Amino acid sequence: MWYEYVIIFSLLLLSIIFLVRYFRKKLATGACESDCTTCIYKNDACHPPQQH
Amino acid sequence: MKAESFRIHKPAKTKTMKADISTIRVAIAGNPNAGKTSLFNALTGQTQHVGNYPGVTVEKKSGHILYKNYDIELVDLPGTYSLSAYSIEEIVARDFVLKNKPDVIIDVLDSTNLERNLYLCLQFQELGVPMVGALNMTDEAEKQGLRIDDHLLSKILGIPFIKTIGSRGAGKTELLDRVIELASGRISSTERHLNYGQELEQEHNKLIEVLGTDPDFVSRYNSHWMAIKLLESDTDASAKIQAKHRNAAIVQSEAEKSRTWIRQHFGEDSEVVVGEQRYAYIHGACREAVTVVTDQNRIDHTEIIDKIVLDRYFGLLIFFGVMFLIYQLTFALGNPISDRIDEFFAWLQTLLLQNLRAGILQDFLVEGIIGGVGGVLVFFPIVLFLFLGLSFLEDTGYMARAAFVMDKFMHIFGLHGRSFIPLMVSTGCAVPGVMSARTLVNPKDRILTIMVSPLMMCGAKVPVIAMLTAAFFPKNAATVFWSIWLAGWILALLLARIFRNMLFKGETSPFVMELPPYRMPTLRGVFTHMWEKSWSYIKKAGTFILAASIVIWFILYFPKLKEPDPQYATQRQQIQAEYQLAVNRLDSTLVQHPDLRVEINQRQGRLAAEYHQQLQQIENQIARDELSYSFGGRLGRIIEPVFRPCGFDWRLDVTLIAGFAAKEVIVSSMGIIYGLGEAAIETDDQQPEVKTPLKEKLRKDPHYNQLNMLAFMLFVLIYIPCMATLAAVKKELGKLKYPLFLAGYTLGVAWLLATIIFQMGKIWGLG
């Protein structure tokens, strides 16, 4: 049925968007789950200081 | 204890704050394992991770409480022994005090080790920040026969001290009262200068004078403290002077002169002389304020247990034995529940097969969603019990002993004793494991530790190994599971030795490990830690694994074969014809011999079962052809020759590629692959057959046996860490070459080891 394809392809699209964002975040933050405002290493070279 | 009203609240926005509420910023500092986080949790009502294990706090955590019209912000700093610039924790704690200038410091002191803890306390006092000392764990000190006169100690050192028990929250109201009094100036614990003796004071004063030539610098940094730090050859203080003092060259030259003079005069480096003076002062204070009550009948449990667990040889055996027990218990308790969950998902799949119209949506829900996500969730009890065991060990104080025992052993393999902590943390997840290697001061030790940490069996590898051990080694699953964990350790140590000899030459630095007293963990503490770790597993299953399963299902479902191979139709017709012929023959026999009804009925039953089995085989073959025709199948076929020597077929290869995203995805992709590769045919009563759990499918698959599954489990343990770990390695070590090297060497070693095991096993006739 056509609507089955619509549901599945919509979910596929959402999954791809989620995964791309997930991987981009992991790569950008070095997989760090910390919030910069609480990170004790914020003086490290994670980001330029203004981004903390 | 007074019952005061506490209100815990999230940081209030300035706009909504009432005008009459003042804010007080408080830093909680102290030695590692002095109970800072326990006290922080008791004060704020939070549930931050507390471990009877030095180095738990690697983040600066903050919380707020509203108390007596004061908004008190509490910041939990990492544990440090001193304020020198030796380790990153010390610099972090020190910089926070210097730059953020908290209104009050709560220095948490372990009352059972007061002399050592007061060393840091004195250094904070020298910084000139108002401070209150929390004499924590006084209950344990009293059990050990130590009676601390907190009033006398306060008088001697000029710092208010309050007795506290962080785990129970005892003394927290008095502590907060004192914080308010200090912040509002009602009492003071201002800068008190320890007299370092005539000679040192003379040099110290000279440096204060030179530092005073730059008033801007003196207004930003405490000159007394800077002068002491210069005498202690503190690199960070030197760097600050170099960067910010107007007469940096003169200050440095004067400092060097003073240090040389002290060295000549005392025959020791100036930092040693300064340290000795501090300890002498502390010793004197403790002699006055601490009474030791010796109880001949008192049994020191810590000492007795330590005699056994810290034994040079037995200690190692005990560590591996304890872990063996944890894995045995994990399997004994987790596996039955895991099996029930597995059956539940199989039932759910069957339910959908029976109630949904056959088609793409049915396939998607049954194989993609339930097969993928359900496959991972099945192992949640195993993960839960494993983390329960590890949290229990951590909270008792045993892990610190394990690190101590492993120290010598790890040095043999070129690793630092402190590397044990990142390796153990990697047992949960390699990302925090890699991050916790920051505590290693020597860069070579750090790189080496990071390079081998991903070889540990992390929580994501647990479901893969647990499923395969349960499927192929049902009688001794826990032992095989533990052996794979052990293999990770052995490999990490061997490879560390090789890398140390070849790539990161140099001596390891010495290691001092805090050995906290044994404590009976609280139920709340253990369950909180267990839940913290386990919750992320469920969260990941519901988000990342779900999304990954949908994509993997798509890759393995499309494109569809237009027509199945015509030979299957011919085979099917042939089977049907043969079956019909046999049934007719039995019917005519029955007419001729009605007395043989029972035997003939039995034969008809057997015939029908055989007929359905043959049809099922054909349908399965068609399903496998479709799978093989999909995008994923084609990719698997391309790389199949590379992994054939390891004993893996293309389906396993596809799961390994998917596992690069996260290791749990191996299980979810297996759920999808073996679900899609198994056709659900309808029986005579028009009901689809009951779905079988993934473990059963794997066990029945003729391509797999104990040998190639053992090779596969080791491959999964070793090969390329997940993407998140590689990203963490890149971030921690700064250069792309490190994650690339890590990915390359782990893939190479995994392939080599799996091939050796599989080929040797085949030669010995095990495959």
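Letters A, B, ... are given to chains in the order of the sequence lines, protein chains preceding strands, and every chain is numbered from 1. Everything numeric here is computed off the predicted structure, so don't read it as measured data.
- Both the backbone and the side chain of B:Thr543 come within contact range of chain A, with heavy atoms under 4.5 Å apart.
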side-chain contact (heavy atoms from CB on, under 4.5 Å) between B:Gln362 and A:Glu4, worked out
CA-CA 9 Å; B:Gln362 187 198 59; A:Glu4 293 186 336; over 6 Å; no
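- At a threshold of 4.5 Å between non-hydrogen side-chain atoms, the residues A:Ile7 and B:Phe364 do not count as touching.
- Aromatic ring orientation, B:Phe558 versus A:Phe9: tilted (interplanar angle from 30° to 60°).
- Rounded to the nearest 0.5 angstrom, A:Leu27 CG and B:Lys730 NZ are separated by 9.5 Å.
- Every residue meeting the ring pair (Phe, Tyr, Trp, His ring centres under 6.0 Å) condition with B:Tyr557, not counting sequence neighbours, appears here in chain and number order: B:Trp553.
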Mind running side-chain contact (heavy atoms from CB on, under 4.5 Å) on A:Phe18 and B:Leu546 for me, showing each step along the way?
CA-CA 10 Å; A:Phe18 174 84; B:Leu546 175 67; over 6 Å; no
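- Other residues, nucleotides and ligands contribute more than 12 heavy atoms inside 6.0 Å of the NZ atom of B:Lys101.
- Once rounded to the nearest 0.5 Å, the distance linking CE of B:Met723 with OH of A:Tyr22 reads 7.5 Å.
- Residue contact with chain B, scored on non-hydrogen atoms closer than 4.5 Å, involves the side chain of A:Leu19 exclusively.
- Applying the salt bridge (Lys or Arg N to Asp or Glu O under 4.0 Å) criterion to B:Lys240, with sequence neighbours excluded, gives B:Asp95, B:Asp236.
- Atom CZ of B:Arg357 sits in a crowded spot, with more than 12 heavy atoms from other residues, nucleotides or ligands closer than 6.0 Å.
- In this structure, the separation between CD1 on B:Ile360 and CE on A:Met1 is 13.0 Å, given to the nearest 0.5 Å.
- By the neighbour-count criterion of 12 heavy atoms within 6.0 Å, atom NZ of B:Lys735 is sparsely surrounded, having that number or fewer from other residues, nucleotides or ligands.
- Heavy atoms only, all atoms of each residue included: A:Ser15 and B:Ala547 are closest at CB-O, 3.6 Å.
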